[in-house]
Amino acid sequence: MKHALDFWYFTGTSDADDPVTVESSADLERVLGEVFAYKQFHPTVVCVKDRPTLGGPLSLPDHQLKFDLDVPRRVAAIHAMGVPDFLPADDRDKVNAEGHGTAEETPGGVMRAWVTKGPRARPATVRQADGHEVDLFVDFDTRTRFPADAAISWEELCEALKELAETGMRPTCVDWQESDVF
């Protein structure tokens, strides 16, 4: 892992106030095991430890990934937001080709947001659980749901987190769609 990751998540003894730093593949496996084992009262938040901050009194990171998961069905969804250079160069070029403006036209501090785009909407067998739709949330407090086609497998979530730790940028191993949710 080239980049350490900070995770905010709940365990039996942690209330997610302080981040847990992941610096190795073993750390990542341990943390993901804890995330999967304990009920998460908010989506798990992940930041690259050595990326720039936006400045100001809080020194907030210039990016953020957060994910929700449905443990019994082994599906997840990721929300990512960040400044233009959080995107890998090839993705920046693709975004520019789609008419979303160039990096030069987008001020450096302007945040953009995306959610994963799964290969298809969650199948009916996944959507229904005990007569209720399985929901994945961007934000539990506001009850903001991920789009139905944002669902990806646990394996894809794990690969995306490994890539984030390797590159320090938004992962390319999963597909993304624009989001207006910050």
Q: Indicate, with yes or no, if Phe41 and Tyr9 share a hydrophobic cluster defined by side-chain heavy-atom contacts under 4.5 Å among Ile, Leu, Val, Met, Phe, Trp and Tyr.
A: no

Q) Does Glu163 reach the main-chain N or O of Cys173 with its side chain, forming a donor-acceptor pair under 3.5 Å? A) yes

(Q) For Val138, is there any backbone N or O sitting under 3.5 Å from a side-chain donor or acceptor partner on Lys66? (A) yes

Q.
My understanding is that only residues two or more places apart in sequence, or in another chain, count here; which of them pass side-chain contact (heavy atoms from CB on, under 4.5 Å) with Asp17?
A. Asp15

**Q.** Non-neighbouring partners of Val174 that pass side-chain contact (heavy atoms from CB on, under 4.5 Å), sequence neighbours left out
**A.** Thr116, Ile152, Glu156, Ala160, Trp176

Q.
Using every non-hydrogen atom in the two residues, find where Val48 and Gly168 come nearest and quote the distance to one decimal.
A. CG2-CA, 4.0 Å

Q: Output the distance between atom OG1 (Thr11) and atom CD (Glu34), rounded to the nearest 0.5 Å.
A: 6.0 Å

(Q) Quick check on the hydrophobic clustering: are Phe10 and Val31 connected, directly or via other members, by side-chain heavy-atom contacts under 4.5 Å? (A) no

Q) Which heavy atom of Leu69 sits nearest a heavy atom of Val71, and at what distance? A) CD1-CG2, 3.1 Å

Q: Could you walk me through whether Phe7 and Leu28 pass the side chain to side chain contact (heavy atoms under 4.5 Å, CB included) test, one step at a time?
A: CA-CA 10 Å; Phe7 278 72; Leu28 182 60; 3.6 Å; yes

Q | Gap separating the CG atom of Leu136 from the CD1 atom of Ile78, nearest 0.5 angstrom | A | 11.0 Å

Q. Would Leu60 and Thr53 satisfy side chain to side chain contact (heavy atoms under 4.5 Å, CB included), going step by step from the backbone distance to the final call?
A. CA-CA 5 Å; Leu60 296 173; Thr53 65; 6.0 Å; no

Q: Any side chain to side chain donor-acceptor pair (under 3.5 Å) involving residues 35-44? Give me the pairs, sequence neighbours left out, ordered by first then second residue.
A: none

Q: Indicate if Phe36 and Leu65 have the same hydrophobic cluster label, given that clusters are the connected sets of ILVMFWY residues with side-chain heavy-atom separations under 4.5 angstrom.
A: yes

Q: First locate atom CE of Met81, then atom CD of Gln64, and finally report the distance between them rounded to the nearest 0.5 Å.
A: 4.5 Å

Q: Just jot down the salt bridge (charged side-chain N to carboxylate O under 4.0 Å, His left out) partners of Asp62, sequence neighbours excluded, or say none.
A: Arg51

Q. Should Val46 and Phe67 be marked as a side chain to side chain contact (heavy atoms under 4.5 Å, CB included) after you check the CA-CA gap, both sets of side-chain angles, and the distance that decides it?
A. CA-CA 8 Å; Val46 184; Phe67 62 88; 3.9 Å; yes

Q | side chain to side chain donor-acceptor pair (under 3.5 Å) partners of Thr144, counting only residues at least two apart | A | Thr142

(Q) Measuring from atom CZ of Arg30 to atom OG of Ser25, what distance do you get when rounded to the nearest 0.5 angstrom? (A) 12.5 Å

Q) Got a salt bridge between Arg112 and Glu178, using NZ or NE/NH1/NH2 to carboxylate O under 4.0 Å? A) yes

Q: Measure the shortest side-chain to side-chain distance between Cys158 and Leu32 over non-hydrogen atoms and say whether it is less than 4.5 angstrom.
A: yes

Q: Could you pull out the closest heavy-atom pair between Ala150 and Ala77, with the gap in Å?
A: O-CB, 3.6 Å

Q) When rounded to the nearest 0.5 angstrom, what distance separates CG in Leu164 from NZ in Lys162? A) 13.0 Å

Q.
Taking ring-ring contact (aromatic ring centres under 6.0 Å, His included) as the definition, give me every residue that meets it alongside His63, ordered by chain and number, with sequence neighbours left out.
A. Phe86

Q) Can you name the residues that form a salt bridge (charged side-chain N to carboxylate O under 4.0 Å, His left out) with Glu29, not counting sequence neighbours? A) none

Q: Quick one: list whatever passes side-chain contact (heavy atoms from CB on, under 4.5 Å) with Asp175, sequence neighbours left out.
A: Lys117

Q: Could you tell me which residues satisfy side-chain contact (heavy atoms from CB on, under 4.5 Å) with Glu23, sequence neighbours excluded, listed by chain and number?
A: Ala4, Thr21, Asp27

Q. Listed by chain and number, what are the ring-ring contact (aromatic ring centres under 6.0 Å, His included) partners of Phe137, not counting sequence neighbours?
A. Phe140

Q: State, to 0.1 Å, how close Met1 and Ala165 come at their nearest heavy-atom pair, and which atoms those are.
A: CE-CB, 3.0 Å

Q) So how far is it from Trp154 CH2 to Glu159 CD, rounded to the nearest 0.5 Å? A) 15.0 Å

Q.
Run the salt bridge (charged side-chain N to carboxylate O under 4.0 Å, His left out) test against Asp6 and tell me which residues pass, sequence neighbours left out.
A. Lys49

Q. If you group Ile, Leu, Val, Met, Phe, Trp and Tyr whenever their side-chain heavy atoms sit less than 4.5 Å apart, what else falls in with Trp8?
A. Val45

Q.
What verdict does the side chain to side chain contact (heavy atoms under 4.5 Å, CB included) test give for Ser179 and His79, after you've listed the backbone C-alpha separation in whole Å, the side-chain angles of each residue and the deciding distance to 0.1 Å?
A. CA-CA 8 Å; Ser179 175; His79 177 272; 4.3 Å; yes

